Protein chains: 4
Amino acid sequence: MQGRPRDPALDAAIHQAALDLVAERGYGRMTMEGVAARSGVSKQALYRRYSAKGDLLLAALDSVGREVFPVPDTGSLREDLLRMVTAAFALHRDSNSAFSQAVAAEAAQGSDFARKAVDSVINPRRELFREVITRARERGEVTFADDDVLIDLIYGPMWYALLFDFDRLTESYAASITDAVVAAGQPA
Amino acid sequence: MQGRPRDPALDAAIHQAALDLVAERGYGRMTMEGVAARSGVSKQALYRRYSAKGDLLLAALDSVGREVFPVPDTGSLREDLLRMVTAAFALHRDSNSAFSQAVAAEAAQGSDFARKAVDSVINPRRELFREVITRARERGEVTFADDDVLIDLIYGPMWYALLFDFDRLTESYAASITDAVVAAGQPA
Amino acid sequence: MQGRPRDPALDAAIHQAALDLVAERGYGRMTMEGVAARSGVSKQALYRRYSAKGDLLLAALDSVGREVFPVPDTGSLREDLLRMVTAAFALHRDSNSAFSQAVAAEAAQGSDFARKAVDSVINPRRELFREVITRARERGEVTFADDDVLIDLIYGPMWYALLFDFDRLTESYAASITDAVVAAGQPA
Amino acid sequence: MQGRPRDPALDAAIHQAALDLVAERGYGRMTMEGVAARSGVSKQALYRRYSAKGDLLLAALDSVGREVFPVPDTGSLREDLLRMVTAAFALHRDSNSAFSQAVAAEAAQGSDFARKAVDSVINPRRELFREVITRARERGEVTFADDDVLIDLIYGPMWYALLFDFDRLTESYAASITDAVVAAGQPA
DNA sequence: TGTTAATCGAGACGGTACGTCTTGTCTTTCG
DNA sequence: CGAAAGACAAGACGTACCGTCTCGATTAACA
């Protein structure tokens, strides 16, 4: 038998409260208690859904959907990458920095959050770059063996900057990284 | 100054307790209370020295000293880098992963810890790579404009992996990153 | 009345579960939640029958029936009382102490449970003593005006002991109380 | 070594809050949370002192002191008892009924509260009656063997009434009980 | 040689959040 | 409609840390 189904309106309220609190006060100050209070949901209803703060974070991030920037196809790897890297850096630097820091903070705690985050947040965005690289490889612009390493050359420095030097994610830095990746894609 | 001087033995005890707790239980479970209890030091004496958990972490890491791997000078950028990257990855993958995650966790909290960590932990290690790159540039092996970007291509992916995929830091991954950096250093 | 009739089997299951829980864990730990779980009945079905914990307790006690000890008629007040008091004390001291404490606990909460309990549990047992006293009064063994006061002299100390000193309800204590009541029945 | 001593002002605040809440809302609604909030004391400070609700109750009752009615010595057992029983019944019927019910409620829970309550609340009051009975015994007014049983004949019915029929504790009931005890004290 | 001032341990203190539990109500599906 | 299942708001439970604050007892350096 089934019982009363969970109220989907509560999910929305919970996610919104969580996102608001992260944005306003930072992930460290987003407490389960605070989310419950803000969303007007009982703690029980909250814990029934998310036993850990990280689960709530991922679900909340999922609920807003991935605002995927369109994958460009200009015929030039450098141009394609430049647009995407610039967009990615801008995205994390501006509106979503609090969320990125939240993901980093939770991932660094060492639980299995990292694995979940990879599946739902990290990897999907990597795929966009893989598309671009695959097309460039077909055009002969990329001979470097491993796509994933090239993508790491982009996202690695980005998360590194999110951890240690927030302000580094400028447009010119995006251009530098792009240049480096393009060069790395075609070893001598 | 007047009054009883601080007991230096307490510093050692505090640092040791902090490091032990991070290693055993993770940074998230290293509490000020726990450090005080473990080291047999009063909370007052602890807070007199470190007003924040992050300060304690940095001081404790400093106290063990930087076990700097020797900077190689083989005459080949690829060889020099390969050794250093492999050593760096191994270091963070093995013994010190808990400490690296601790630094990442605290840095992601968004306070000014990140700046302090950069000064005391992050930058000093970058300088080692800068030496190698500088020598390679003199030999004509590097024409890429910005040394820091090249170093970011190494440490970025490393911290990225420490956050999201711990096991990626293999020797073969070190080789791939080295290849990519060498190629990026000499754009066509 | 319309609709599906209540399943009488549920009442039995509920009562049994309630009694079991009181006996095993004490009345304070007999929760509505626990009774529902133990009896396999939904909380709704439980609350539909008993709006309060006390109602459930009384119903459960009623369901097991009153194991009324036979009222003796030996021709001697002292002998009649001695048997009844001894039996009553033994009953509450041994098997049913948990239930007596449950009744006391609920009565002390100050709701109108006390009144209900008097009707269904307390007074019926008093009537047995009234019979004996009435017969003794006809024989001239009792001249004290108020039967109820004499009965209070028996049940008062018994409940007093159930509250504060459980072990006092021995056979010799029953004899002492009996002596006192007999004496009180015939003021000089 | 000793550490910071407990603040005695907090004890007073806690006791007062506890007594207020019992009087206002009943013992069942006197929660540890409520006492902490009302007294402005942290839950920690509260639990440091009293691990159980019953301990708090006894301490609070102790703190107000035993408002001992003066033990009369009129030369007549009946007169002495009448005054004391009347006073005792009035006391529990009027101002302190909520506290008496609280003691009964906790005692009925079956923990070792009962034993503690006997020591601090129940027995001290019995001693007053023992004095009177002892003097009467010296005057030859009491020949019944056991003082404690006579005292049970008073306090038993009183607590019995507090549990089940609050309004019974009238002056005329006090007189009836007194008569019965006097008679029981001098068996034919 | 005291005095003075900062240290030390121990631990109390007001807060805040934790995660669990129970209460009594309500919604769903099934029979 | 009754019943099982279980979601729900409310709110108390007892615990854990936070960072601050007394205590009384040690130390030095200064007077």
Side-chain angles (χ1 to χ4, degrees), chain A residues 1-10 28-37 39-53, chain B residues 1-10 28-37 39-53, chain C residues 1-7 9-10 28-37 39-53, chain D residues 1-11 28-37 39-53:
Chain A
M1 210 169 281
Q2 236 218 349
R4 176 175 173 177
R6 292 189 185 167
D7 187 343
L10 296 192
R29 287 196 175 93
M30 178 200 95
T31 64
M32 297 297 264
E33 202 107 62
V35 171
S39 62
V41 149
S42 69
K43 287 172 66 179
Q44 183 91 164
L46 187 52
Y47 278 104
R48 197 176 290 125
R49 288 167 168 78
Y50 310 108
S51 61
K53 210 176 145 185
Chain B
M1 193 187 292
Q2 258 191 358
R4 176 174 173 177
R6 291 190 184 167
D7 186 343
L10 295 193
R29 289 196 175 94
M30 178 200 97
T31 64
M32 297 297 263
E33 201 108 46
V35 171
S39 62
V41 150
S42 69
K43 286 172 67 179
Q44 186 73 258
L46 189 51
Y47 277 103
R48 200 176 288 130
R49 289 167 169 78
Y50 310 108
S51 62
K53 206 176 149 185
Chain C
M1 195 183 295
Q2 256 189 0
R4 175 174 171 179
R6 291 190 184 167
D7 186 344
L10 296 192
R29 288 198 176 93
M30 178 200 98
T31 64
M32 297 296 264
E33 200 106 52
V35 171
S39 62
V41 149
S42 70
K43 286 172 64 181
Q44 187 71 262
L46 191 51
Y47 277 104
R48 200 176 289 127
R49 289 168 170 80
Y50 310 107
S51 62
K53 208 175 148 185
Chain D
M1 213 169 279
Q2 235 221 349
R4 175 173 172 177
R6 291 188 183 169
D7 187 345
L10 296 193
D11 294 272
R29 288 196 175 93
M30 178 200 95
T31 64
M32 297 297 263
E33 200 105 2
V35 171
S39 61
V41 150
S42 70
K43 287 171 67 178
Q44 183 91 164
L46 188 51
Y47 278 105
R48 199 176 288 127
R49 290 168 168 77
Y50 310 107
S51 61
K53 211 176 143 182

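This one's a predicted model, so the numbers in the text were calculated from it and none came from an experiment. In what follows, every heavy atom counts, from backbone to side chain, and hydrogens, waters and symmetry copies are set aside. First the proteins, then the strands, lettered A, B, ... as listed; each starts at 1.
In this structure, OH of Tyr47(C) is placed 18 Å from P of dG2(F), rounded to the nearest angstrom. For Leu10(A) and dT27(E), the CG to P distance is 12 Å, given to the nearest whole Å. Atom pair Met30(C):CE and dT22(E):P shows a separation of 12 Å (rounding to whole Å applied). Between Leu46(B) atom CG and dT7(E) atom P there is a gap of 14 Å when expressed in whole angstrom units. When the C1' atom of dC21(E) is taken as reference, atom CZ of Arg29(C) falls 13 Å away, rounded to whole Å. Protein atom CZ of Arg6(A) is 15 Å distant from nucleotide atom P of dT28(E), rounded to whole Å. Gln2(B) places its CD atom 13 Å from the C1' atom of dG2(E), with the value rounded to the nearest Å.
The minimum heavy-atom distance linking Ser42(B) with Ala36(B) is given by the pair C-CB, 4.3 Å. Across all non-hydrogen atoms, the minimal contact from Leu46(C) to Val41(C) is N-CG1, 4.1 Å.
Arg29(C) meets the side chain to side chain contact (heavy atoms under 4.5 Å, CB included) test with Arg25(C); sequence neighbours excluded. Under the side chain to side chain donor-acceptor pair (under 3.5 Å) criterion, Arg49(B) pairs with Asp11(B), not counting sequence neighbours. Contacts of Glu33(B) classified as side chain to side chain donor-acceptor pair (under 3.5 Å), with partners at least two apart in sequence or in another chain: Lys43(B). Taking Arg4(D) as the reference, nothing meets the side chain to side chain contact (heavy atoms under 4.5 Å, CB included) condition, with sequence neighbours excluded. Here Ser51(B) pairs with Asp55(B) under the side chain to side chain contact (heavy atoms under 4.5 Å, CB included) rule; sequence neighbours left out.
For Arg4(D) and dC21(F), a side-chain-to-base donor-acceptor distance below 3.5 Å is present, hydrogens and geometry of angles not being considered.
Within the 4.0 angstrom heavy-atom criterion, only backbone atoms of the sugar-phosphate kind lie near Arg49(A); the bases stay farther away.
Residue order along DNA chain E, read from the 5' end via each residue's closest nucleotide, puts Arg48(B) first among Arg48(B) and Ser51(C). When the nearest nucleotides of DNA chain F are assigned to Lys53(B) and Lys53(D) by heavy-atom distance, the more 5′-ward of the two goes with Lys53(D). For the pair Pro5(B) and Val41(C), both in contact range of DNA chain F, the more 5′-proximal nearest nucleotide belongs to Val41(C).
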Using a cutoff of under 3.5 Å, can you pull out all pairs of nitrogen or oxygen atoms linking the protein to nucleotides 10-12 of chain F, with atom names and distances?
none

